[in-house]
Colleague: 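Input: one structure, supplied below.
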Amino acid sequence: MAKPREFEKPMGVRDFPPELVSKMKWVEERVEERFRAWGYREVWTPTLEFFDTVGRAGAIEEHKLFKLLDGEGRTLVLRPDQTAPIARVVSSLMRNHPFPLRLCYHANVFRAQEREAGRNAEFFQSGVELVGDDTPEADAEVIALAVEALEACGVRNIQIAVGHIGLLDALLMEYIEDPEAVSRLKESLGRRNLVEFRERVRDLDVAPERREDLFSLLSSRGERRLLDRLETGDHGKAVGDAVSHLKEMWEALEDWDVASRVELDLSLVGSLEYYTGMYFEGYGSDGFYLLSGGRYDHLLGQFGRPGPARGFALKTDRLIMAGPGQPERPERIALIYPRRYRQEACRMAGRLRRKGKCVTLFASEAGHTPPSFSGFDRIEEVIGDDDPR
Amino acid sequence: MTIPAEKLTVAMPKGRIFEEALQLIREAGYRVPAEWAEDSRKLTVEVPEENLSFLMVKPVDVPTYVEHGVADLGVVGKDVLLEEDRDIYELLDLTISPCRMSVAGTPDRETVLNPKVATKYPRIADRYFREQGQQVEVVHLNGSVELAPLIGLADRIVDIVSTGRTLKENGLVELEEIARITSRLIANRASYRLKSAPIHRFYERLAHVVNEKGGSK
């Protein structure tokens with residue numbers, strides 16, 4: 001028989017030793033508490049999905065999917081995110097649950113990494129989806145909840161950057177007629193390649209002052225006043241609609257008291273095929289990218305129950321590094337007893353456990369070296385009444 | 001924890017680009033030490049009066065330092081960015097160290113059935129020949145690429161060409177241009193948000209110098 005390969009694992013997957021698990025759990029519990037307080041209910045979906053449903057509909061590019069075949073030759077994927085599976089559930093199992101639906105999840109997701117052996121292919125996300133509500137308040141709600149979830153994990157210096165693909169689209173269309181050129185510019189922004197964006201703008205056949213307007217999209221970052229400026233500018237209906245939506249969202253963010261954490265950035269875009277309205281990314285502490293989310297109005301329709309939706313996913317693996325929080329660790333006690341006092345030992349352990357201690361029992365036998373008690377905070381011995389002390 | 005939010009760490013590439021990049025930073029008005037030269041063995045240079053800290057790293061590693069956030073900014077050739085494909089912001093074309101990524105070979109080369117291409121840039125080479133609809137075998141080398149066609153290791157090479165002198169000295173000619181290469185200012189994704197004010201200032205000052213020199217905006 002071949003010797004099992006003890007230390008080898010497939011590329012990009014990890015073992016989680018107890019210390020790491022307790023940190024991950026701590027983060028999940030913290031954010032879960034916030035999600036629940038805002039009326040979100042947890043759902044679980046399978047790790048495996050059909051490529052034809054969830055794989056194609058999601059935001060993740062096909063080359064990042066882990067695919068396998070089932071017994072009948074159908075292509076399955078390991079879920080690359082949780083949003084498409086939840087959209088499937090909302091449209092099937094929960095078809096009769098009225099909108100709006102507030103759902104949340106904690107899940108491991110899988111994405112193949114081409115390049116580096118060191119990059120994770122399986123990672124953990126906690127997130128929410130708010131489905132079936134078209135209002136700016138609903139958009140603001142998930143941003144406010146995202147801020148609160150980060151705060152609950154002790155993240156400092158929280159910054160949420162918000163873009164709006166509909167607004168960007170509409171603005172670009174006002175300057176450029178060729179839809180291909182518009183999508184090339186969006187691609188450059190999607191790759192965060194501002195140099196390429198400027199090069200492509202320079203290659204366009206537009207008046208110099210319009211070119212300057214297009215360049216200025218890259219520095220269109222700020223708060224409410226940015227929207228005021230767009231509102232008073234000479235713009236068409238599509239821009240106007242997006243601006244007034246964002247303005248109402250901004251006012252709701254002010255009422256949630258989180259507007260100071262938020263910066264609008266017209267050049268920020270997420271997955272281009274997927275997001276349909278506002279898109280946001282969250283950063284904090286010393287340089288951590290912690291979450292992303294946004295509005296995806298076309299996804300549910302693909303599962304037969306059209307509806308506006310938005311959500312976000314927290315990157316749990318990074319949150320454990322960005323938050324100073326440590327799970328509270330109960331006192332760990334090693335309880336040593338001679339065999340004949342086992343009953344006393346069991347009772348004593350029960351009493352201590354009810355007080356919230358972690359208690360581990362060790363039977364002591366004459367002539368045996370005791371095991372190592374490292375990792376315990378305290379060692380207790382059960383001594384019978386008849387023992388000479 | 002108190003880490004001053006305004007301090008920026010810049011990854012600088014050792015070698016070809018270094019002097020020009022340092023010159024540009026000086027012209028942008030940053031008072032960096034006059035005695036700081038590439039051949040000093042220092043790996044980090046602190047400039048506290050400008051709130052800057054520089055890391056001296058291998059050019060191909062610049063995007064790695066920036067992507068992982070140990071540097072907020074970096075200066076690196078587009079050749080490296082094309083090869084590495086990292087998750088970073090490409091902020092500014094510094095227009096320094098201009099050169100070309102090209103295909104080169106011996107002038108008398110015959111068409112072979114299964115051509116081999118030697119290069120330090122396997123991904124760029126692979127992508128380019130695929131786009132051209134050509135089937136080639138890419139041989140990854142770490143240096144002395146010009147030698148490969150001379151000794152029969154490869155039929156062609158893909159490498160950066162600036163004056164063309166090295167090619168000429170080895171009896172090679174430039175056959176096709178793949179891309180124009182200059183150095184770029186890149187930024188870490190989180191720093192771009194969390195340190196947006198100092199990064200924007202750094203960008204503006206460098207962009208100003210680049211424009212003055214007749215470079216593009």
Side-chain angles (χ1 to χ4, degrees), chain A residues 63 113-116 118-119 154-163 188-203 208 211-212 214-216 218-222 261-265 267-268 280-292 315 318 321-324, chain B residues 1-5 7-9 63-73 76 78 81-95 122-123 126 179-197 199-201 203-204 206-207 210-211 215-217:
Chain A
H63 68 267
Q113 304 293 343
E114 302 172 327
R115 214 167 142 65
E116 271 178 296
R119 264 185 225 199
V155 177
R156 293 167 294 110
N157 192 20
I158 299 164
Q159 278 278 334
I160 309 284
V162 179
S188 300
L189 294 178
R191 284 200 299 270
R192 286 172 281 287
N193 191 337
L194 311 188
V195 173
E196 188 183 66
F197 178 88
R198 288 189 211 98
E199 277 168 3
R200 287 180 168 173
V201 167
R202 265 195 301 276
D203 289 344
R211 200 165 286 165
E212 287 304 315
L214 286 166
F215 286 143
S216 73
L218 297 182
S219 48
S220 292
R221 292 164 67 174
R261 301 278 185 207
V262 180
E263 183 190 56
L264 297 166
D265 179 351
S267 69
L268 178 70
F280 63 103
E281 293 177 347
Y283 296 88
S285 293
D286 305 313
F288 288 100
Y289 172 33
L290 297 169
L291 67 91
S292 64
K315 298 165 199 305
R318 296 191 190 166
M321 296 185 287
Chain B
M1 267 207 296
T2 51
I3 289 171
K7 186 176 167 182
L8 293 179
T9 302
T64 312
Y65 281 81
V66 174
E67 185 183 40
H68 288 265
V70 284
D72 302 301
L73 295 168
V76 65
K78 182 66 182 173
L81 293 177
L82 285 170
E83 180 65 21
E84 293 283 313
D85 192 22
R86 295 291 182 151
D87 188 12
I88 44 98
Y89 274 92
E90 194 174 323
L91 293 184
L92 177 65
D93 184 351
L94 298 171
T95 67
R123 278 160 54 105
D126 184 64
R180 299 215 155 246
I181 307 290
T182 49
S183 298
R184 308 293 159 96
L185 178 68
I186 61 173
N188 171 266
R189 220 176 142 170
S191 304
Y192 185 74
R193 299 288 163 199
L194 297 171
K195 297 184 178 179
S196 65
I199 285 183
H200 190 68
R201 275 198 299 277
Y203 163 83
E204 284 282 324
L206 259 60
V210 171
N211 281 331
S216 43
K217 184 182 166 113

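So that the names make sense, note that chain A is the first sequence line, chain B the second, and so on, each numbered from 1.
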Colleague: Regarding Glu67(B) and Arg189(B), does a basic nitrogen lie under 4.0 Å from an acidic carboxylate oxygen?
Modeller: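 Looking at Glu67(B) and Arg189(B), the cut-off is not met.
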Colleague: With distance as the sole test, does Ser285(A) use its side chain to make a donor-acceptor pair with the main-chain N or O of Ala322(A) at under 3.5 Å?
Modeller: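 It does hold such a pair.
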Colleague: Of the backbone (N, CA, C, O) and the side chain (C-beta and beyond), which part of Ile88(B) lies under 4.5 Å from a heavy atom of chain A, both, or neither?
Modeller: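 The backbone, not the side chain.
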Colleague: Please state whether the side chain, the backbone, both or neither of Arg191(A) comes within less than 4.5 Å of a heavy atom of chain B.
Modeller: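 Contact with chain B is through the backbone of Arg191(A) alone.
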Colleague: Within the distance-only criterion (no hydrogens, no angle test), does the side chain of Arg198(A) pair as donor or acceptor with the backbone N or O of Asp93(B) below 3.5 angstrom?
Modeller: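 Checked: no pair found.
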Colleague: If I measure from the heavy atoms of chain B, does Leu218(A) come under 4.5 Å with its side chain, its backbone, both, or neither?
Modeller: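 Leu218(A) touches chain B through backbone heavy atoms alone.
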Colleague: If the threshold is 4.0 Å, N to carboxylate O, is there a salt bridge linking Arg193(B) and Glu263(A)?
Modeller: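 A salt bridge is present here (some side-chain N lies under 4.0 Å from a carboxylate O).
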Colleague: Answer with side chain, backbone, both or neither: which region of Glu199(A) has an atom nearer than 4.5 Å to a non-hydrogen atom of chain B?
Modeller: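 Only the side chain of Glu199(A) comes within 4.5 Å of chain B.
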